[in-house]
S.K.: 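Please find one structure pasted underneath; my questions will follow.
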Amino acid sequence: MADETKREGESGTTGGAGRNGTSSDELFLFDEAGVRRAPREDEEADLSFLEGSRAADDVTNPNIHMGVQREGITLDGGLTDGGIGDASGAAGKSGNGDSGDSLAGGQDADDTAGDGVARAGATGANESVSSNADVDPSPAPESLVEDRPDIARAGSDFNNAAISGASAPDVRTAAAEPVQSGTTASGLSASDEALLAADSTPEANRAPTGIELSNASLAENTPGAVVGALTTADTVGDTHSYTVDDGRFEIVTDGETTVLKLKPGMSLDHEAEPNVDVTVTTTDSGGAAYTETFTLSVGDVNEGPSDISLSNNSVAENAAGAVVGTLSTTDVDAGDAHTYAVDDARFEVVGGQLKLKDGVSLDHESESSVDVTVTTTDSGGATYTETFTLSVGDVNEGPSDITLDNLSVAENAAGAVVGMLSTTDVD
């Protein structure tokens with residue numbers, strides 16, 4: 001749409017007076033053929049051919065058809081320090097209405113956009129805007145403001161009432177502090193307030209979900225041995241108590257650490273029980289419990305021999321290198337190996353047998369019994385010592401000599417006694 005304004009001092013027809021007696025420019029229109037048409041005071045113009053282009057003009061040149069400048073709104077719909085300005089008389093000159101007056105010059109204005117702002121030249125008779133401020137040549141387009149529903153628009157609450165510099169509400173204040181819908185008195189949304197209330201509700205007690213034992217083995221033959229520390233998988237900060245089903249064990253705590261251990265004086269034997277199952281129950285402060293069974297490995301500790309056996313404890317006299325008997329050791333460590341030593345130098349142990357050394361024999365008549373001490377040592381160096389009393393057997397031995405105490409006899413002495421005989425015999 002084209003417009004041409006004839007101002008005072010320019011060539012052509014002098015501008016006429018406004019309705020309020022002030023100087024007013026005349027508005028001339030041109031049709032499609034370029035023929036100048038008379039102002040509306042002279043004839044009623046057919047403006048229907050302009051309706052298709054008017055919407056575009058509203059965006060490209062917002063000063064046309066706008067009776068109130070949105071000087072305090074930026075292009076993105078925000079507010080500037082300039083606030084809401086007033087429309088000038090220049091804006092009023094570009095209206096298309098057929099009965100309205102220019103705004104600053106006294107023309108009637110109409111709320112054509114439906115947003116509470118009177119626009120110049122619109123049909124109808126709304127009340128005038130009484131300000132002479134200049135119009136910003138590039139105000140924010142109407143469409144940009146409408147895309148921001150969170151920004152209060154100028155005139156949106158006036159219901160087409162008169163806008164004056166003295167009585168208009170401060171639209172900037174309303175736009176700067178928008179009130180969001182759906183909030184509660186606390187300023188939170190209803191959903192956020194519900195979440196906050198749920199967070200403040202005490203959580204129901206959760207049962208423990210597991211028990212951990214830091215160590216699952218212990219050495220045999222160790223009275224009161226500590227197995228390991230107990231901990232419970234549960235809500236952070238909860239406290240727990242423990243019980244164990246095996247009467248040989250107990251659970252003790254020092255305030256910071258809780259341990260599973262054997263009772264004082266109690267020990268386990270690897271040979272009797274290489275593994276022991278114990279069931280531990282943990283109970284939290286709310287009474288919820290969890291039970292778990294642990295298999296404890298009983299470590300094998302080398303244990304010294306506990307006895308020595310000799311298959312025979314007698315020896316025949318006069319039998320050089322005689323074998324006394326076979327030695328054996330009692331040891332709880334199954335499969336352990338042993339060596340032997342004897343304290344009497346006349347003896348030795350060969351292949352597990354106690355015997356007299358070669359060429360050595362015993363004499364019953366001089367020693368009817370002999371005490372021999374034997375020591376056994378296992379593979380771990382543990383020893384055991386035992387003394388055996390050997391009986392020396394008496395063997396019949398032949399006479400070794402005869403003596404006659406007189407070697408003379410008188411002649412002619414019938415039946416005379418020569419002397420006494422005696423026999424030497426070790427037996």
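This chain uses plain numbering: 1 for the first residue, then up along the sequence. Predicted model only: the values in this text are computed from it and were never measured.
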S.K.: Would you check, one step at a time, whether the test side chain to side chain contact (heavy atoms under 4.5 Å, CB included) holds for I308 with F388?
M.R.: CA-CA 10 Å; I308 301 174; F388 298 93; 3.8 Å; yes

S.K.: Does some side-chain heavy atom of T326 sit less than 4.5 Å from a side-chain heavy atom of L310?
M.R.: no

S.K.: Before giving the answer on side chain to side chain contact (heavy atoms under 4.5 Å, CB included), spell out for T281 and D245 the whole-Å C-alpha distance, their side-chain angles and the decisive distance to 0.1 Å.
M.R.: CA-CA 9 Å; T281 299; D245 69 333; over 6 Å; no

S.K.: With sequence neighbours excluded, tell me which residues meet salt bridge (Lys or Arg N to Asp or Glu O under 4.0 Å) with D371.
M.R.: none

S.K.: Can you run down the side chain to side chain donor-acceptor pair (under 3.5 Å) pairs that involve residues 205-214, sequence neighbours left out, and say none if there aren't any?
M.R.: E203-R206, N205-D284

S.K.: Is there side-chain contact between E317 and S361, with heavy atoms separated by less than 4.5 Å?
M.R.: no

S.K.: Which donor-acceptor pairs under 3.5 Å do the side chains of residues 229-238 make with protein atoms, sequence neighbours left out?
M.R.:
residue : atom : partner : partner atom : Å
T232    : OG1  : Y242    : OH           : 2.7
T232    : OG1  : T282    : OG1          : 2.9
D234    : OD2  : H240    : NE2          : 2.8
D238    : OD1  : S285    : N            : 3.4
D238    : OD1  : S285    : OG           : 2.4

S.K.: If you compare all heavy atoms of A382 against all heavy atoms of G304, which two are closest, and at what distance to 0.1 Å?
M.R.: CB-CA, 3.1 Å

S.K.: Testing the 3.5 Å rule here: is there a donor-acceptor pair between the side chains of S391 and S314?
M.R.: no

S.K.: Side chain to side chain contact (heavy atoms under 4.5 Å, CB included) with V370: which of T389, N313, L356, V392?
M.R.: V392

S.K.: Verify the distance criterion only: is there a donor paired with an acceptor across the side chains of T283 and Y290 at less than 3.5 Å?
M.R.: no

S.K.: Do V323 and L354 have side chains that approach each other closer than 4.5 Å (heavy atoms only, starting at C-beta)?
M.R.: no

S.K.: What are the two closest heavy atoms between A288 and P208, and how far apart are they?
M.R.: O-CD, 3.5 Å

S.K.: Hey, are the side chains of N302 and D333 touching, using non-hydrogen atoms and a 4.5 Å cut-off?
M.R.: yes

S.K.: Quick one: salt bridge (charged side-chain N to carboxylate O under 4.0 Å, His left out) pairs with a partner in residues 334-361, sequence neighbours left out?
M.R.: D344-R346, R346-E367, E348-K355, K355-D358

S.K.: Do M420 and L404 come within less than 4.5 Å of each other through their side chains, counting heavy atoms only?
M.R.: no

S.K.: Is the shortest heavy-atom distance from the side chain of T279 to the side chain of V244 under 4.5 Å?
M.R.: no

S.K.: What is the minimum heavy-atom distance between F347 and V324, and which atoms define it?
M.R.: CE2-CG2, 3.6 Å

S.K.: Anything under 3.5 Å between a donor and an acceptor, one on a side chain of residues 215-227, the other on a protein residue two or more places apart or in another chain? List them.
M.R.:
residue : atom : partner : partner atom : Å
N215    : OD1  : S217    : OG           : 3.4
N215    : ND2  : S217    : O            : 2.6
N215    : ND2  : V227    : O            : 2.7
E220    : OE1  : H270    : N            : 2.6
E220    : OE2  : V301    : N            : 2.6
N221    : ND2  : E303    : OE1          : 2.8
T222    : OG1  : E220    : O            : 3.1

S.K.: Roughly how far, to the nearest 0.5 Å, is CG of D331 from NE2 of H338?
M.R.: 3.5 Å

S.K.: Kindly indicate, with the supporting measurements, whether the criterion side chain to side chain contact (heavy atoms under 4.5 Å, CB included) is fulfilled by I251 and T243.
M.R.: CA-CA 7 Å; I251 297 173; T243 58; 5.7 Å; no

S.K.: Tell me, do I402 and L421 make a side-chain contact under 4.5 Å, heavy atoms counted?
M.R.: yes

S.K.: Under a 4.5 Å cut-off applied to non-hydrogen side-chain atoms, are Y384 and V374 in contact?
M.R.: no

S.K.: For residues 255-268, dump all side-chain donor-acceptor pairs below 3.5 Å to protein atoms at least two apart in sequence or in another chain.
M.R.:
residue : atom : partner : partner atom : Å
T258    : OG1  : T253    : OG1          : 3.3
K261    : NZ   : E250    : OE2          : 3.1
K263    : NZ   : G247    : O            : 2.9

